[in-house]
Amino acid sequence: VIGMAARVNPLKDHDTFLRVAAQLAARDQTVRFLLVGTGTEAGTATQPTAFDAAIAAREVELPALAGRLVRCGERRDMPAIYNACDIVMLTSRSEGSPNAVAEAMSCGVPCVLTDVGDAALLVGSSGDVTPVGDVAALVDAALQLVRDPARRAVRGRAAWARIRAQYTAPHEHIAYERLWAAAASTAAASTVPARRKSALVVESAMAPPSAPRLLVVTTVSTTLDAFLLPYADHFRARGWRVDALAAGATTHPGLISHFDRRFDAPWQRRVGG
């Protein structure tokens, strides 16, 4: 089972996923495909969706895909979804740091993905990274994993270990704290005259340190709610001031108790530069 968790949006490039799926289906009769996310659900006979038409077109081109694609729509039981997959694929044309890939890795599922944002940094050697839109490269990488269960198992264990070693809240807390301390030290040194620096060291040793501040920035407030509340809680419990900046942040009820302050941003996702 090869799955992809993504809303239907041009940035996620489901068309490339369908082209990859069609070729894999023609080359291996055992492969099945799973799509999860808003817009992946099937329309009705009287009101088909544009995504229905895209899938139908691929099935006409390559009939081997017919009957081998499960469409789940939006789901909340994502650990179960990832654990139903043998491979997770991401065909995006643009990303920041893809949460769906991190979630799959934390379930021990190997990933095949496009080289967007921090995706390559996230998976390291545990995943296969291909150029954006390169159907042949995605097919080859996935097919190697399909045909080699031992390779899948090794990659899955490596993915799980990488998330545990580098991307859990305690590790990110340490990284943020080091960054904050370095930035604060640099700022203080650059604004104090040389003759006062020795006195500053004494004053700093006597005065209590100010609370570190963290601003969590996302495009939309739903990302904060769906993925980042544990991090906000983690840092606030350690005395940090944690604020949020996103479109809809001030009106999203699920954020109120998790951030000290919330700010709206007048932006939205779009395709292109």
Side-chain angles (χ1 to χ4, degrees), residues 1-28 31-42 49-59 61-62 64-66 68-75 78 81-82 84-105 107 109-124 126-147 152 155-156 159 219 223 227 269-273:
V1 177
I2 300 176
M4 185 163 86
R7 71 193 187 284
V8 175
N9 182 281
L11 288 175
K12 302 299 183 181
D13 196 2
H14 281 79
D15 184 62
T16 288
F17 180 88
L18 293 176
R19 291 164 64 195
V20 171
Q23 292 195 26
L24 286 171
R27 296 172 67 175
D28 194 301
V31 183
R32 298 294 185 270
F33 306 94
L34 179 66
L35 288 176
V36 182
T38 304
T40 61
E41 66 276 5
T49 67
F51 196 49
D52 291 330
I55 292 173
R58 292 299 169 202
E59 291 177 345
E61 293 173 8
L62 286 170
L65 182 59
R68 295 164 69 175
L69 182 63
V70 178
R71 301 164 60 185
C72 296
E74 184 175 335
R75 294 286 291 259
M78 291 309 296
I81 294 294
Y82 291 121
C85 297
D86 298 288
I87 302 165
V88 163
M89 184 172 287
L90 180 79
T91 56
S92 292
R93 293 187 170 276
S94 178
E95 290 282 351
S97 183
N99 291 306
V101 171
E103 291 176 343
M105 293 171 65
C107 291
V109 183
C111 298
V112 176
L113 61 161
T114 47
D115 191 6
V116 288
D118 281 343
L121 177 64
L122 183 62
V123 297
S126 77
D128 291 283
V129 183
T130 71
V132 172
D134 192 332
V135 173
L138 287 162
V139 170
D140 288 344
L143 203 57
Q144 289 185 47
L145 292 173
V146 167
R147 294 176 173 174
R152 289 201 308 270
R155 290 291 183 88
T219 310
T223 302
F227 300 107
R269 293 188 177 111
R270 66 187 178 96
V271 181

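Quick note: residue numbers are just sequence positions, from 1.
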Validation row: [X], [Y] side chains within 4.5 angstrom (heavy atoms):
{"X": "L24", "Y": "L143", "answer": "yes"}
{"X": "V20", "Y": "T16", "answer": "yes"}
{"X": "L90", "Y": "C111", "answer": "no"}
{"X": "V123", "Y": "V129", "answer": "yes"}
{"X": "L35", "Y": "L69", "answer": "yes"}
{"X": "D128", "Y": "L145", "answer": "yes"}
{"X": "R93", "Y": "K12", "answer": "no"}

Handout entry: Result of checking L113, V88, T91 against M4 for side chain to side chain contact (heavy atoms under 4.5 Å, CB included)
Key = T91

Exercise for the section: Step by step, work out the side chain to side chain contact (heavy atoms under 4.5 Å, CB included) result for E74 and T40. Expected result: CA-CA 8 Å; E74 184 175 335; T40 61; over 6 Å; no

Handout entry: Short N-O contact, D52 and R71, less than 4.0 angstrom
Key = yes

Handout entry: I2 CD1 to D28 CG distance, which is reported to the nearest 0.5 Å
Key = 8.5 Å

Fill in the blank from the handout: d(F17 CZ, M89 CE) to nearest 0.5 Å is 6.5 Å

Practice task
Indicate yes or no for a side-chain donor-acceptor contact from T114 to the backbone of V132 under 3.5 Å, with no hydrogens or angles considered.
Solution key: no

Problem - For F51, ring-ring contact (aromatic ring centres under 6.0 Å, His included) partners two or more places apart - result: H14

Handout entry: Listed partners of R68 passing salt bridge (Lys or Arg N to Asp or Glu O under 4.0 Å), at least two apart
Key = none

Fill in the blank from the handout: Between P131 and A137 the two heavy atoms that sit nearest each other are CD-CB, 4.3 Å

